[in-house]
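Notes follow the structure.
A quick note: this is a predicted structure, and the numbers were derived from the prediction, not measured.
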Amino acid sequence: MAFNDRNFRGNNNFGAPREMHKATCSDCGVETEVPFKPDPERPVYCRDCLPNHRKPRENRY
């Protein structure tokens, strides 16, 4: 499998665990962990609330 394969699901740190950061969901207030350093200027959502804020994907096929 090539690294530029569209279906490649790995990350660029070759299997090392991702550094997770604690955050509080901007909607429901539950404590969650995210794989990026939260920006105080932007809201953070837990797994349950995130789908409510994503733009619907257009059918690309």
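- Taking both residues in full, the closest heavy atoms of Pro38 and His21 are given as CD-CB, 3.7 Å, listed atom of the first, atom of the second, then distance.
- With hydrogens and angles ignored, the 3.5 Å screen pairs no side-chain donor or acceptor of Thr24 with any backbone N or O of Gly29.
- Sorted by first and then second residue, the pairs that involve residues 24-44 and meet salt bridge (Lys or Arg N to Asp or Glu O under 4.0 Å), not counting sequence neighbours, are Lys22-Glu31, Lys22-Glu33.
- Here OG1 of Thr32 is found 7.0 Å from CE of Met20. Values are rounded to the nearest 0.5 Å.
- A search for side chain to side chain contact (heavy atoms under 4.5 Å, CB included) contacts involving Pro56 returns nothing, not counting sequence neighbours.
- Members clustered with Leu50: Tyr45, by chain and number, using a 4.5 Å side-chain heavy-atom cutoff among hydrophobic residues.
- In this structure, Cys49 and Cys28 approach most closely via the heavy-atom pair SG-SG, 3.9 Å.
- Looking at every heavy atom in both residues, Cys25 comes nearest to Cys46 through SG-N, 3.4 Å.
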